[in-house]
Structure formats: structure tokens, C-alpha cells
Amino acid sequence: MPGIVIVGAQWGDEGKGKITDLLAERADLVVRYQGGNNAGHTVVVGNESFKFHLLPSGVVQNKEVRIASGVVIDPRVLVQELDTLEKRGITPRLRIDPRAHVILPVHNALDEAREAAAGEGKLGTTGRGIGPCYEDRASRAGIRFEDLVDEARFRRKVIPLLEAKAQLLGKVYQRKGPAQEDIVKEYVDLGRRLAGTLGDVSEEVHSALQTDGRVVLFEGAQGTLLDLAFGTYPYVTSSHPLSGSVFVNVGLPPSPLEVIGVSKAYTTRVGSGPFPTELDGKVADRIREVGKEYGTTTGRPRRCGWLDLVMLKYAHRLNGFSQLALTKLDVLSGFKKLRIATSYRYDGVEIGWPYDIEVLSKVEPVYEELDGFTLGRTDSYEDLPEEAQEYIAFIERTLEVPVTIVSVGPARQQTLFKSKPL
Ligand code: IMP
């Protein structure tokens, strides 16, 4: 199948970066299709660790990488990432769709102002200006990448936008926005620097998918339960991480895709919102410390809990996983017993995933208890203890989706292939 999409099956941070990096070897193009620098991927190659917020993970493999129209780009962050890679001797082969929107400092300021004003009711955003930038896109007031790289056009469009935001920040939030002239000057420079990367990604990907033998990898950010429409609204991000959104976000007609869902062997979430299998106390602390569960983007400690198959079933329904990659199995090593949620109880009745988050926040998970395992040397899937293999088989049986990849550590070689993913 020439189009492969990597989707987060949970609340983000599932380890998509590592899986994309692994599969990028087989790809001709790696394309980011939504979100912005709220994402954070860590890719470990040998002794080197690469952290990206915007650039697709395929850059490490020196693949052709693309940022599609559905992404919101903070050019300050992008230039920083490009500079860091240049210093390490990597010149990314990057192209950005002119229709992608640009994050401005006023978007960050508004994101922060809203969160501060919401107090206890805050969403726990990453503060990267993602929501306000997507709002401007939807209200047709935003700045697109094609504007950024054309100084006269940029000035013409950005001044009214900055003025409107200054009013909003001042009158509603009693805050002074960043200085207009400074923003214009900084962004004109950034536009000059990035002008050479502009190109019609929609057209290019379309023609790659029509060409025999070309493989395109679509890299998702965040995760299914953070989807603007189908996630735990309003505790969601402002874009659509779902597999189907590839078509609209890149600008392609629907066609069959190989859909690789990525899930941790347990569950984590950063930010606010319901989380049925959340744990506190020793088990959560152990998962957080062993799994280094602190946000790549904000450093916030992640909330931790058992694997939730009710949620993964829902994620499968929305994305149509053809296979699953299970990450961080090593983090569960050493527990005597492990729990997996298979249904929820609400008002004395067993239910599946409810669409109403008021209900979701009151459900009690119903658990299946499985024997724990201790991982030793793991050079191949067959080296896994029987109990670990049963843990995986249980997931496969319940979801009716094959697990093809099992990750037992951050390095490329700490990956076990249960069957061939592609
Ligand atoms: P925003 O995307 O910064 O607006 O944040 C909205 C919600 O999505 C918050 O709960 C964030 O913590 C969460 N979020 C955004 N990006 C990521 C990610 O890459 N991983 C995990 N959570 C994320």
C-alpha cells in the first residue's frame, strides 16, 4: 500500500516518533498532516537523541519531509529545529505547503491568557498558541505560509490581525500584547529565511501516490482522544489527529491507507480531562519514573494508568487500524499482576465508550487481571516471557487487530517484530 498513516491511539505521547523513524526507512516521503509544535517526538539513534516539535521524524533518515496544509507552524521553532540539525550535519529536505497557517506571538499570548482566566477549569494546553491559530484559520483571518514569505503581503494582512488581537488581549484579559513592530520585523526575517521551502505539498503527495513504487508515510501528532470532534471535548487539541483527516489536511481524495495505530502498553495523559483508568499512588509513580513520563514539549508530569481497551476499541472504530504498534512494554516489567480495562460500569450497568464526557468522568473501569512478567534479554519477539506474549495476545483478541511491532526501549534495536509491518 503506497500510503501509510501513523496514528496515536490514546492521548498522544504513544511513541509515534520512534515508529515513524523505523518505518521511514521504507518511505520516499514523510508528511506531517496536523497539529503544530504542541507535539514532541523523541527519536534515538545510537547515542544521539533528537527532539522535534515540527519537523517530521523522517529527517533523521535524510528522507524528503513535508509539512502539509493542516499543520500550524511557528516559524521561530521551525528555524530553531533546522539550525540544530544543521549543527549536527543534517540539512533537511523540507517542503511546506503554502496553505499551512502561521503561529504568531499573539497566539501564544492569547493561549496563556485564556488558560490563566479559566483557573481551575483550564484545559491544560501546551501554551504554544495552537488553539488561537486554528481559530484564526477557521475565521478566515489567519496568516498562511504563502503570506509569511511575501513581505508586502504579510504586512498588509498581519497589521489588522495584530490590532484586533491587541484589543482582545487588552479589553478582555487586561494584558498588553507583544509589540507589533517587533513581531513584524522578526517574522519578515523568518519569512525570508524560509521562502525556499514553499511548495505545493498536496500536488506533490498526490502525484507520489499515483506513482508505482513510491511510499508516503503520514505522521500524525497528538492522539485519537485529543481529536477536536471525537476526543474528550473540550479537553482536546484544535486539530484532527484521526487517520481520515489525512485526506483533508494534505489535500487528497480518499483512498485506501495502511493505518498503524500506536499505543503504549499502559495509558498516559497530560493536561486536564477525564481518564477512566488513571492511577495514583505507588503504581502510577512507578510507571511515571520508569517510563520517564514527563512531557517532551512542556516537561509536565504525565498522568498514568492501566491500559484501557474500551478506549482502544473506540480508537479502532474511528481510525480503522490495520495493525498496532505497542510501545513501552518494558515499563511494565517487574509487576506481579497487570490490569487491563475491558468495559466500564456506569449507574450499575456495563457500558462501552460513552460519547458524553460527563458520563466518561463518572465511569468505573472493569478490569481483567493478567499475570505480570519480567523482561530479560529481548533480541526477538520469541524471547518475550510467555506472560508478556499473553498480554499482547489479549489485546489482539479483544480488539481483533494484529500487534505487529512491540517496542521495549527507546533505541531502534529495542524493537521486536511480531510479524512484518509492511
Ligand atoms: P493544545 O494542543 O496545546 O491546545 O492543548 C490541548 C490539549 O492537548 C492539552 O491537554 C494538551 O496537554 C494536549 N496535547 C497537545 N499536544 C499534545 C501532545 O503532543 N501529546 C500529548 N498531549 C498533547
Side-chain angles (χ1 to χ4, degrees), residues 6-20 32-43 51-57 70-74 77 81 101 103-118 120-138 219-242 245 249 262-264 266-275 278 288 291-305 311 315 327-328 357 360-361:
I6 314 273
V7 190
Q10 299 165 310
W11 277 293
D13 309 318
E14 298 91 351
K16 296 178 292 293
K18 172 177 171 176
I19 305 299
T20 309
R32 249 306 279 280
Y33 63 91
Q34 45 72 229
N37 59 308
N38 46 349
H41 305 296
T42 309
V43 178
K51 282 193 194 325
F52 302 114
H53 298 287
L54 266 173
L55 285 171
S57 304
V71 177
V72 287
I73 300 169
D74 187 328
V77 174
E81 288 186 5
H101 277 248
I103 296 180
L104 297 158
V106 285
H107 292 133
N108 300 75
L110 264 175
D111 198 352
E112 283 156 25
R114 287 203 182 124
E115 286 284 271
E120 286 284 289
K122 70 176 184 183
L123 301 178
T125 72
T126 59
R128 300 300 190 264
I130 307 297
C133 183
Y134 276 117
E135 279 170 43
D136 279 350
R137 179 189 194 230
E219 178 177 7
Q222 290 83 47
T224 300
L225 279 305
L226 288 173
D227 185 89
L228 179 60
F230 292 96
T232 46
Y233 190 90
Y235 302 101
V236 292
T237 192
S238 299
S239 66
H240 297 282
L242 299 186
S245 94
N249 280 323
V262 186
S263 169
K264 277 180 190 165
Y266 47 93
T267 313
T268 63
R269 162 162 218 178
V270 273
S272 323
F275 178 174
E278 182 170 17
R288 187 174 307 108
K292 300 190 179 63
E293 294 297 353
Y294 294 88
T296 319
T297 302
T298 57
R300 290 179 289 178
R302 294 181 185 139
R303 300 157 65 191
C304 300
M311 174 172 139
T327 60
K328 298 189 117 170
I357 75 153
L360 188 69
S361 55

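Whatever order the structure lists ligands and atoms in, that order sets their numbers, starting from 1. Just so it is clear, the values below take in all heavy atoms, side chains as well, and ignore hydrogens, waters and symmetry mates.
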More than 12 heavy atoms of other groups within 6.0 Å of F230 CZ: no
Part of L123 within contact of ligand 1 (heavy atoms, under 4.0 Å): backbone
Heavy atom to atom 23 (C) of ligand 1, shortest distance: which of T237, L226, N38 holds it? L226
Answer whether the closest heavy-atom distance between the side chains of R269 and Y235 falls below 4.5 Å. yes
If you scan protein heavy atoms around atom 7 (C) of ligand 1, the nearest is V236 O, 3.7 Å
Can you name the side-chain hydrogen bond (donor to acceptor under 3.5 Å, both in side chains) partners of S245, sequence neighbours left out? N249
Can I get a per-line list of side-chain donor-acceptor pairs under 3.5 Å for residues 126-133, giving both atom names and the distance, sequence neighbours left out?
unit_1 : atom_1 : unit_2 : atom_2 : d
R128   : NH1    : T126   : O      : 2.8
R128   : NH2    : T297   : O      : 2.8

Nearest non-hydrogen protein atom, atom 10 (O) of ligand 1: V270 O, 3.4 Å
I need the nearest protein heavy-atom contact for atom 21 (C) of ligand 1: residue, atom name and distance, please. D13 OD2, 3.1 Å
Short version for E115: what comes under 4.0 Å of ligand 1, heavy atoms counted, is neither
Logged contact type for W11 with ligand 1, heavy-atom cut-off 4.0 Å, is backbone
Would you call P234 and L123 a side-chain contact if the rule is heavy atoms closer than 4.5 Å? yes
Y233 versus L228: any side-chain heavy-atom pair under 4.5 Å? yes
Checking a contact table here: which protein heavy atom is nearest atom 3 (O) of ligand 1, and how many Å away? T126 OG1, 2.6 Å
When you measure from the side chain of Q34 to the backbone of A221, do you find a donor-acceptor pair of N or O atoms at a distance under 3.5 Å? yes
Nearest protein heavy atom to atom 17 (C) of ligand 1, by residue and atom, and its distance? Q222 CG, 3.5 Å
Considering non-hydrogen atoms of the protein only, which is the closest contact for atom 5 (O) of ligand 1, and what is the distance? T125 CA, 3.3 Å
At the 4.0 Å heavy-atom cut-off, does G124 count as touching ligand 1? yes
Among R288, K328, R303, find the residue that satisfies the side-chain hydrogen bond (donor to acceptor under 3.5 Å, both in side chains) test when tested with E293. K328
Is there a heavy atom of R128 sitting under 4.0 angstrom from any atom of ligand 1? no
With respect to R300, determine whether any N or O atom, backbone or side chain, lies less than 3.5 Å from an N or O atom of ligand 1. yes
So T268 and D13, side-chain hydrogen bond (donor to acceptor under 3.5 Å, both in side chains) or not? Walk me through it. CA-CA 8 Å; T268 63; D13 309 318; 4.9 Å; no
